[in-house]
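Every value quoted in this text rests on a predicted model; they were computed, and no experiment measured them.
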Amino acid sequence: MKRIAVFTSGGDSPGMNACIRAVVRGAVYHEVEVFGIRRGYDGMIRGDIVQMTSHSVSNIIQKGGTILKSARSKEFFTKEGRQSAYEQLQKHEIEGLVAIGGNGTFTGAEIFCTEFGIPTVGAPGTIDNDLFGTDYTIGFDTAVNTALDAIDKIRDTADSHDRIFFIEVMGRDSGYIAIQSGIAGGAELVMVPETFTPIKEVVHTLKQGWSRSKTSSIIVVAEGGEEGGAAQVAEKIKKQVDGEVDIRVTALGHVQRGGAPTAYDRILASRLGLGAVEGLLDGQRNVMAGIVNNRLVYTSFHDTIHKNKPISKEFLRLAKVLSV
Ligand code: F6P
């Protein structure tokens with residue numbers, strides 16, 4: 001393989017740049033030409049493809065976002081879109097791809113790889129940490145620390161005013177950010193999509209806290225929960241508790257997707273970027289590079305997409321026990 005390309009796709013995550021850098025420098029090290037595809041699959045379809053050198057990735061390891069930009073492409077999910085993408089890759093004589101992204105990115109890669117036989121290796125980049133085949137995804141640690149910083153700050157004001165705060169964190173179908181930021185931030189309760197927390201349990205937890213003289217509480221709510229996001233949960237709670245209770249809601253939103261990556265994310269991204277390139281050069285196809293128990297492993301896109309990565313029962317218990 002003499003010419004490969006790298007792209008980022010789906011929701012961006014802090015550390016994607018460190019991963020791009022590792023892919024580019026890994027390719028240069030192995031004397032393989034490397035191209036960057038801008039704006040994910042949309043850029044592939046349009047031929048927005050630029051040659052990269054070691055110098056193109058200087059001074060980006062510390063930056064959030066992605067220098068290659070990202071998109072959620074609808075067109076790539078049509079046969080015509082993928083045909084155009086294939087023609088562009090042929091035109092640029094690209095023989096292999098490194099895809100940095102999440103579930104949607106790898107779903108597209110699996111279809112494309114099967115249809116057109118372009119060898120592809122993925123690197124998991126999403127703040128959600130919801131991919132089977134890696135203990136952590138690039139950007140998750142930074143997002144947890146961003147959420148934690150906000151929780152700490154909100155706790156100060158919650159305590160001053162004796163208030164209950166419902167803090168919504170990201171994670172469409174995944175409670176990883178919620179559970180880890182909740183434990184680290186000492187939340188009274190954490191609501192995650194993986195386990196159903198009925199409203200009556202939230203009320204019970206709050207009342208127990210009051211009976212132990214707690215005057216303020218933090219409830220961390222993952223956006224994709226069954227009872228709704230933080231605003232919906234707070235509305236339901238208001239109806240069930242005494243009107244005297246002062247409730248506020250904060251949705252952290254996209255602030256969790258930006259910012260300088262933590263050291264952990266930079267190192268993870270560097271390992272996975274190099275792992276993806278070297279996997280591709282060693283003949284890996286249709287797989288995602290991941291780190292499991294501190295070792296580099298490759299998992300088929302099929303398993304990555306379809307297998308469930310359960311949230312740690314120990315973490316769920318930890319959050320509950322320590323909130324008494
Ligand atoms: O998948 C990452 C993620 O940040 C989710 O946590 C969130 O639900 C979603 O992306 C938001 O997507 P968008 O940026 O397209 O609104």
Inset, instruction - State, with a plain yes or no, whether a side-chain heavy atom of Ile4 is found less than 4.5 Å away from one of Glu95. - result: no
Legend entry - Pairs flagged by salt bridge (charged side-chain N to carboxylate O under 4.0 Å, His left out) wherever residues 63-77 is involved - sequence neighbours left out: Arg46-Glu75
Legend entry - Stepwise side-chain hydrogen bond (donor to acceptor under 3.5 Å, both in side chains) test for Gln51 and Glu33: CA-CA 8 Å; Gln51 182 145 25; Glu33 276 191 284; 2.9 Å; yes
Legend entry - Parallel, tilted or perpendicular: rings of Tyr86 and Phe112 (30°, 60°): perpendicular
Inset, instruction - Look at the rings of Tyr264 and Tyr136 and say which category their plane angle falls in: under 30° parallel, 30 to 60° tilted, over 60° perpendicular. - result: perpendicular
Inset, instruction - Give me the ring orientation class for His92 and Phe35: parallel if the planes are under 30° apart, tilted from 30 to 60°, perpendicular past 60°. - result: perpendicular
Legend entry - Verdict with supporting geometry, Arg317 and Glu314, salt bridge (charged side-chain N to carboxylate O under 4.0 Å, His left out): CA-CA 5 Å; Arg317 182 170 176 272; Glu314 188 212 326; over 6 Å; no
Inset, instruction - Report the residues that fulfil side chain to side chain contact (heavy atoms under 4.5 Å, CB included) with Asp246, sequence neighbours left out, ordered by chain and then residue number. - result: Arg163, Arg248
Inset, instruction - Please list, chain by chain and in numerical order, all residues satisfying ring-ring contact (aromatic ring centres under 6.0 Å, His included) with Phe77, sequence neighbours excluded. - result: none
Legend entry - Check against salt bridge (charged side-chain N to carboxylate O under 4.0 Å, His left out), Lys153 and Asp149: CA-CA 6 Å; Lys153 285 173 175 154; Asp149 182 50; 3.0 Å; yes
Legend entry - Any Glu227 side-chain heavy atom under 4.5 Å of Thr197 side chain: no
Inset, instruction - Could you tell me whether Glu223 and Arg172 have a side-chain N and a carboxylate O separated by less than 4.0 Å? - result: no
Inset, instruction - Salt-bridge test for Glu188 and Lys320: reply yes if a basic N is under 4.0 Å from a carboxylate O, no otherwise. - result: no
Inset, instruction - Would you indicate whether the side-chain heavy atoms of Arg271 and Asn294 approach each other to under 4.5 Å? - result: yes
Legend entry - Qualifying residue for side-chain hydrogen bond (donor to acceptor under 3.5 Å, both in side chains) with Lys309, from Thr137, Asp130, Asn129: Asn129
Inset, instruction - Establish, from distance only, whether the side-chain atoms of His30 and Glu278 form a donor-acceptor pair under 3.5 Å. - result: yes
